[in-house]
Amino acid sequence: MAELGEKKEPDKGLRELEGAEGGVVMRFAPNPNGPPTIGSARGIIINSEYVKRYGGKFLLRFDDTDPVNKRPMLEAYGWYLEDSEWLGAVPDEVVIASDRLPEYYEIAEELIQRKGAYVCRCDQASFKALKDAAKPCPHRDQSPEENMALWNDMMNGKLSPGEAVLRIKTDIVNKDPALRDWAAFRIVTADHPRVGEKYRVWPLLDFESGVEDHFLGVTHIIRGKDLMDSERRQGYLYDHMGWEYPTTIHWGRIKIHQFGSFSTSALRRALEAGEYAGWDDPGMPTVRALRRRGIRAEALRKFMIELGVGETDISISMESIYAENRKIVDPEAKRRFFVKDPATLVIEGDVPKTAKVPFHPTQDLGFREIPAGSKILISGDDLKELKAGGKLRLKDLCNIEFSSLDPLRARCIGIDPQQAKDMKLRIIHWAPTDGVPVKVMRPDGVDSGIGEAGIKDDLGKVVQFERYGFVRIDSAADGEVVAYFAHR
RNA sequence: GCUCCGGUAGUGUAGUCCGGCCAAUCAUUCCGGCCUUUCGAGCCGAAGACCCGGGUUCAAAUCCCGGCCGGAGCACCA
């Protein structure tokens with residue numbers, strides 16, 4: 001009986017992690033050269049989620065060892081902390097690689113002593129030629145003493161950038177050229193944003209990350225497929241040191257329809273070129289941009305966990321994230337009237353002076369009163385679809401018949417919603433003439449219009465502009481409201 | 001050139017390790033209908049996929065071989 005029922009259970013959420021029963025230590029290890037993106041969110045959420053599931057520690061580690069090509073930004077360290085916390089993944093420990101160079105040096109020296117590393121003085125091109133031919137370079141057989149002397153020359157300034165690197169001895173005839181004697185340290189004289197010119201010998205990723213994972217007792221690593229070779233490269237280092245390598249899992253590249261493929265460096269260039277107002281511009285695929293737009297952390301979490309961890313390269317749509325968010329936000333978001341590109345409508349007849357409008361169609365969130373009367377505003381989008389003689393209902397106000405479009409005039413033909421139903425009238429929203437100017441910042445531009453004055457009270461909240469979409473009220477100063485668009 | 005990984009509906013995802021319960025899961029999207037004082041939500045329904053070709057087997061999405069397509073590494077980047 002048991003066997004029959006067992007196998008069919010569909011996997012909900014994340015797949016089990018092998019060897020995780022006793023708890024796990026996992027890390028998310030970004031280079032802080034910009035703020036966390038949606039891709040970072042995946043790393044933060046999945047790693048921390050596994051830690052929540054099995055118990056253990058979630059670490060945030062900054063792999064900030066390139067002060068030149070991927071120069072860290074000082075502010076970004078804090079951004080990662082902030083965004084991790086917002087995503088519900090407060091790290092148990094924060095490690096910064098640029099603080100730990102002395103420890104790395106110790107391991108480097110140990111490796112030299114163990115004949116697992118050597119200082120290579122080939123220039124880049126000639127080493128590549130030798131490597132491609134599976135031939136050792138002339139420095140490979142130097143004694144530990146010779147290597148130590150050269151290593152000290154790297155440290156003390158006798159050697160200049162480009163004149164020497166420390167290489168890890170692997171297998172020079174390995175059939176995969178990517179694994180042959182990789183570089184572990186190089187000389188960099190540029191200053192580092194955090195530690196200045198304190199160090200002139202900097203580790204490269206495979207060394208720093210590999211050593212650090214061991215130091216920290218990381219049990220499981222999830223990383224991009226592009227770093228698949230890292231495990232095999234670092235495997236040689238681990239062998240030299242007699243360490244045991246963590247379990248690794250890989251995931252494919254993630255692309256988002258609405259943003260294309262993005263890298264922090266590319267975004268940084270676009271930002272510097274003035275294509276965006278900031279890292280939280282609604283067009284940015286950053287966590288802070290989504291937050292500003294009113295996307296909930298929980299929506300992101302659910303989405304990422306549903307995505308899971310696969311080696312397939314994927315191309316996702318923001319629509320899925322929006323759908324997740326809508327489920328969370330819809331029941332609690334107040335409804336508000338906002339008319340885009342407003343047009344003034346003069347109505348003859350007995351139009352109520354105010355309208356009493358519920359904040360939510362199904363939830364009991366109360367009512368607000370919106371001033372109405374013989375002059376109101378309707379949206380330019382609705383105006384385009386009107387014809388003289390046409391009838392429609394102004395939501396929660398009255399039913400009207402248009403007498404002319406230019407000038408825009410109508411006549412109130414009743415206030416009973418039942419009448420509108422019977423006549424099958426379209427229903428549109430509207431705004432008072434003394435409403436508040438609203439600017440909606442969208443990924444694809446800016447919409448302007450007028451909203452009901454009460455919008456000012458919803459500062460920081462997500463509301464639904466009826467028939468327009470969900471927005472987060474970002475600011476309400478100088479008589480103007482700025483809202484950030486989330487999604488329809 | 002050398003090396004590695006992947007390929008289930010429009011998009012993701014489950015199932016692949018240990019072949020039969022898979023005429024294939026779930027979500028989202030799209031399309032119909034209902035409902036609704038929002039073009040939102042809700043409800044009902046429908047459509048939609050195992051990259052191709054061989055092989056093994058009573059039986060293949062699942063194993064093997066070949067091909068095709070996609071991604072990645074071969075940096076003194078992360």
Side-chain angles (χ1 to χ4, degrees), chain A residues 3-13 15 29-33 63-66 68-72 120 122-124 127-128 131-132 134 161-167 174-180 182-188 201-202 204-206 208-209 224-230 232-233 250 252-254 257 263-265 302-303 306-308 310-317 319-324 326-327 329-331 333 335 337 357-358 360-363 381-382 393-397 399 416-418 420-421 425-429 464-470 487-488:
Chain A
E3 292 133 28
L4 284 176
E6 245 165 0
K7 194 178 170 184
K8 200 68 196 267
E9 294 308 313
D11 261 11
K12 289 270 188 246
R15 198 191 305 266
N31 175 3
N33 62 343
D63 287 348
D64 58 344
T65 54
D66 185 345
V68 180
N69 300 305
K70 293 204 171 161
R71 190 172 173 82
C120 171
C122 299
D123 61 79
Q124 225 174 127
F127 184 83
K128 179 174 168 50
K131 182 199 66 186
D132 287 344
E163 289 187 342
V165 295
L166 185 78
R167 288 191 187 282
N174 191 303
K175 64 175 180 170
D176 186 346
L179 305 186
R180 298 172 191 160
W182 47 274
F185 284 86
R186 83 299 206 188
I187 302 168
V188 181
V201 177
W202 283 87
L204 288 147
L205 177 73
D206 276 315
E208 178 271 326
S209 166
K225 245 190 348 181
D226 53 324
L227 260 30
M228 230 166 202
D229 288 338
S230 279
R232 294 190 298 154
R233 270 197 284 254
H250 300 101
R253 286 190 83 81
I254 181 168
H257 297 327
S263 70
T264 307
S265 321
K302 281 190 74 176
F303 174 77
E306 159 78 12
L307 254 193
E311 290 196 13
T312 325
D313 296 324
I314 56 174
S315 182
I316 58 167
S317 169
E319 284 308 323
S320 307
I321 294 177
Y322 296 157
E324 216 56 74
R326 200 176 288 121
K327 284 182 203 161
V329 133
D330 182 76
R335 269 50 179 173
F337 285 168
V357 186
H360 199 283
T362 54
Q363 308 288 311
D381 287 343
D382 288 327
R393 174 165 179 81
L394 297 170
K395 190 164 187 272
D396 297 300
L397 185 64
N399 308 322
D416 185 1
Q418 188 57 45
K421 244 182 234 185
L425 298 186
R426 283 192 59 206
I427 298 162
I428 68 168
H429 65 294
Q464 189 205 51
F465 285 168
E466 292 204 35
R467 298 176 64 235
Y468 180 85
F470 292 91
H487 47 74
R488 286 202 65 83

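Convention: sequence-line order gives letters A, B, ...; per-chain numbering from 1.
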ring-ring contact (aromatic ring centres under 6.0 Å, His included) partners for [X], two or more places apart:
X         : value
Phe303(A) : none
Tyr468(A) : Phe338(A), Phe485(A)
His250(A) : none

Could you tell me whether [X] contacts a base, only the sugar-phosphate backbone, or nothing, with contacts defined as non-hydrogen atoms closer than 4.0 Å?
X         : answer
Thr362(A) : nothing
Gly308(A) : nothing
Asp66(A)  : sugar-phosphate
Ala420(A) : nothing

Can you list everything that forms a salt bridge (Lys or Arg N to Asp or Glu O under 4.0 Å) with Arg233(A)? Sequence neighbours excluded, please.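 Checked Arg233(A) against salt bridge (Lys or Arg N to Asp or Glu O under 4.0 Å); matches are Asp206(A).
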With sequence neighbours left out, write down each residue that passes salt bridge (Lys or Arg N to Asp or Glu O under 4.0 Å) with Lys421(A), or none if nothing qualifies.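 Listed in chain order: nothing, the list is empty.
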Please enumerate all residues that pass side-chain contact (heavy atoms from CB on, under 4.5 Å) together with [X], with sequence neighbours excluded.
X         : value
Glu306(A) : none
Pro331(A) : Gln363(A)
Asp396(A) : Phe337(A), Val357(A), Pro358(A)
Gln464(A) : Arg335(A), Glu466(A), Phe470(A)

Could you encode protein contacts along nucleotides 30-38 of chain B as a string, one character per nucleotide from 5' to 3', using B for base contact, S for sugar-phosphate-only contact and - for no contact, with a heavy-atom cut-off of under 4.0 Å? -------BB
Closest heavy-atom contact between Lys131(A) and Pro177(A)?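 Lys131(A) and Pro177(A) have their closest heavy atoms at CD-O, 3.7 Å.
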Table of protein N/O atoms under 3.5 Å from nucleotides 2-4 of chain B N/O atoms:
from  : atom 1 : to        : atom 2 : distance (Å)
C2(B) : O2'    : Lys175(A) : O      : 3.0
U3(B) : O2'    : Asp176(A) : OD2    : 2.5
C4(B) : OP1    : Lys175(A) : NZ     : 3.2

Ignoring hydrogens and angles, does a donor from either the side chain of Glu306(A) or the base of G12(B) sit under 3.5 Å from an acceptor on the other?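 Flag set: donor-acceptor pair detected.
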Stem ranges for RNA chain B, with three or more consecutive Watson-Crick or G-U pairs under 3.5 Å?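 When the pairs of RNA chain B are grouped into runs of at least three, the stems are B:1-7 with B:68-74, B:10-12 with B:26-28, B:31-34 with B:42-45, B:51-55 with B:63-67.
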